[in-house]
Visitor: 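Pasting in a structure now, in structure tokens, and then I'll have a few things to ask.
Whatever order the structure lists ligands and atoms in, that order sets their numbers, starting from 1.
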Amino acid sequence: MDAAREGGKGEAPWKKMSETELEKQYSPSRWVVRLGAEEVMRTYSMIGNEATKRARATRRSLLDVPYGDGDGDKLDIYFPDAVSEALPLLVFVYGGYWQSGSKDESAYMVGPLTAQGVAVVIVAYDTAPKGTLDHMVDQVTRSILFLQKQYPRNEGIYLCGHSAGAHLAAMMLLVNWTKQGVVPNFKGFFLVSGVYDLEPIVYTTVNNPLHMTLEDARRNSPQWRLEVTPTQPMDPACHVLVIVGQHDSPEFHRQAWDFYQTLSRGRWEASFRELPDVDHFEIIWKLTQEDYALTQILLKTIFQESKGP
Ligand SMILES: N[C@@H](CC(=O)c1ccccc1NC=O)C(=O)O
């Protein structure tokens with residue numbers, strides 16, 4: 001393994017980039033191959049919107065369930081036909097660079113997953129400028145504690161996050177749950193096209209509404225934190241799957257690979273997958289389709305764990 005890929009030890013490649021190049025590397029819409037940058041954002045939001053409308057029209061659901069006292073502490077739950085509290089839960093954290101996104105247009109995977117007996121939870125959090133990174137991490141932590149308390153008989157919590165949501169999901173690998181008083185029944189993590197080292201973000205316009213200092217960025221970087229303080233799963237069967245799209249930018253590829261390496265060097269059972277022929281947005285919106293590779297990966301992982309191979 002070469003030093004640059006070891007994450008942190010060699011000189012990080014982004015440090016040698018011009019401001020323009022760094023900005024481009026962290027602008028996912030500029031790497032999309034099929035649509036223009038604006039068209040892709042419209043399509044992304046439209047598909048999310050329609051999937052959510054469909055989910056609400058066709059599935060038994062609990063909407064705007066408060067997981068805390070804050071206005072933004074809300075989640076939506078979509079149930080499969082079988083009425084049971086012993087269900088696997090797929091918990092989704094949407095992306096949007098911690099400044100956009102909403103649970104009301106992020107229910108992509110509800111159709112294909114509820115059809116197979118999985119309950120799907122979409123977690124809302126306060127994006128910037130209302131929320132800080134620390135607040136968002138705290139919100140996702142509290143949403144998980146709430147779900148474990150509400151559904152103590154669940155057949156596994158599978159946490160899936162996209163982009164900035166993959167970052168928030170990855171931060172859950174660092175929470176001391178014993179100290180929180182409740183240990184969630186985590187069986188899997190699906191980290192899709194995420195950012196795990198926030199330091200380069202500080203030098204891009206993404207940081208304008210976030211106002212992260214270097215210290216904030218490091219405190220909220222699972223890449224840094226896991227290298228310094230390795231953690232381990234409560235359940236040794238818990239897998240972490242780090243996934244990136246073929247058409248994600250080189251920096252997104254590097255971030256995913258470095259984080260996978262750090263997980264593997266620690267005590268986590270991790271794997272790395274590059275999904276062919278998808279960009280940063282298709283990678284998640286295609287979860288509306290049952291025959292999509294990532295939908296099948298989610299289902300296979302969930303049913304291997306709860307029903308045996
Ligand atoms: N302005 C960004 C938008 C973006 O990054 C994004 C949009 C929706 C969902 C996730 C995203 N990226 C990371 O959270 C872009 O250039 O693509």
Side-chain angles (χ1 to χ4, degrees), residues 14 17 19-52 92-109 122-133 135-137 139-140 159-171 190-210 212 217 220-223 242-256 259 275 278-288 294:
W14 65 266
M17 287 177 191
E19 216 178 299
T20 318
E21 180 58 19
L22 191 64
E23 186 69 24
K24 184 176 173 197
Q25 290 285 334
Y26 285 96
S27 301
S29 56
R30 292 170 66 180
W31 299 83
V32 167
V33 290
R34 290 181 186 82
L35 300 169
E38 275 174 29
E39 204 183 345
V40 76
M41 294 316 304
R42 266 200 311 277
T43 310
Y44 181 71
S45 142
M46 191 190 77
I47 293 179
N49 221 299
E50 279 174 8
T52 308
F92 182 63
V93 188
Y94 52 79
Y97 266 157
W98 310 277
Q99 51 204 274
S100 65
S102 148
K103 72 174 173 55
D104 301 325
E105 46 182 55
S106 301
Y108 300 99
M109 66 296 288
I122 316 285
V123 178
Y125 54 94
D126 294 318
T127 49
K130 190 177 179 207
T132 60
L133 258 292
H135 179 68
M136 296 177 224
V137 172
Q139 284 183 298
V140 177
L159 186 58
C160 176
H162 172 233
S163 201
H167 159 266
L168 294 171
M171 287 298 283
F190 304 101
L191 308 176
V192 185
S193 292
V195 184
Y196 311 101
D197 173 7
L198 304 193
E199 191 180 333
I201 299 280
V202 172
Y203 305 100
T204 67
T205 60
V206 174
N207 197 35
N208 291 354
L210 301 175
M212 275 191 294
N220 286 295
S221 290
Q223 175 70 49
V242 184
I243 306 152
V244 68
Q246 184 188 343
H247 302 302
D248 261 312
S249 77
E251 267 295 275
F252 273 74
H253 278 258
R254 182 191 65 82
Q255 288 249 2
F259 193 54
L275 286 191
V278 290
D279 61 46
H280 190 78
F281 304 96
E282 291 167 329
I283 202 169
I284 211 77
W285 83 43
K286 288 181 82 175
L287 283 174
T288 50
L294 186 52

Visitor: Students often mix this up, so state it plainly: with edges at 30° and 60°, are the rings of Tyr44 and Trp285 parallel, tilted or perpendicular?
Guide: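 Answer is tilted, since the angle falls between 30° and 60°.
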Visitor: With a 4.0 Å cut-off, would you call Lys24 and Glu21 a salt bridge?
Guide: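 Looking at Glu21 together with Lys24, the answer is no, because their closest N to O distance does not fall below 4.0 Å.
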Visitor: Once the angle between the rings of His162 and Phe281 is folded into 0 to 90°, is it parallel (under 30°), tilted (30 to 60°) or perpendicular (over 60°)?
Guide: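 Answer is perpendicular, since the angle exceeds 60°.
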Visitor: For residues 33-52, which residue pairs qualify under salt bridge (Lys or Arg N to Asp or Glu O under 4.0 Å), counting only residues two or more places apart or in two chains?
Guide: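 Non-adjacent pairs meeting salt bridge (Lys or Arg N to Asp or Glu O under 4.0 Å): Arg34-Asp277, Arg34-Glu282.
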Visitor: With the criterion set at N/O pairs under 3.5 Å, what does the list of contacts between the protein and ligand 1 look like, atom names and distances included?
Guide:
| from | atom 1 | to | atom 2 | distance (Å) |
| --- | --- | --- | --- | --- |
| ligand 1 | 12 (N) | Ser163 | OG | 2.8 |
| ligand 1 | 12 (N) | His280 | NE2 | 3.4 |
| ligand 1 | 14 (O) | Gly96 | N | 2.8 |
| ligand 1 | 14 (O) | Tyr97 | N | 2.7 |
| ligand 1 | 14 (O) | Ser163 | OG | 2.6 |
| ligand 1 | 14 (O) | Ala164 | N | 3.0 |
| ligand 1 | 16 (O) | Ser29 | OG | 2.9 |
| ligand 1 | 17 (O) | Ser29 | N | 2.8 |
| ligand 1 | 17 (O) | Ser29 | OG | 3.1 |

Visitor: If you compare all heavy atoms of Asn207 against all heavy atoms of Ile201, which two are closest, and at what distance to 0.1 Å?
Guide: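 Distance-wise, the nearest heavy atoms are CB-O, 3.5 Å.
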Visitor: Out of Trp98, Tyr196, Tyr94, which residue meets the ring-ring contact (aromatic ring centres under 6.0 Å, His included) rule with His167?
Guide: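 Testing His167 for a ring-ring contact (aromatic ring centres under 6.0 Å, His included) against Trp98, Tyr196, Tyr94 leaves exactly one candidate, Trp98.
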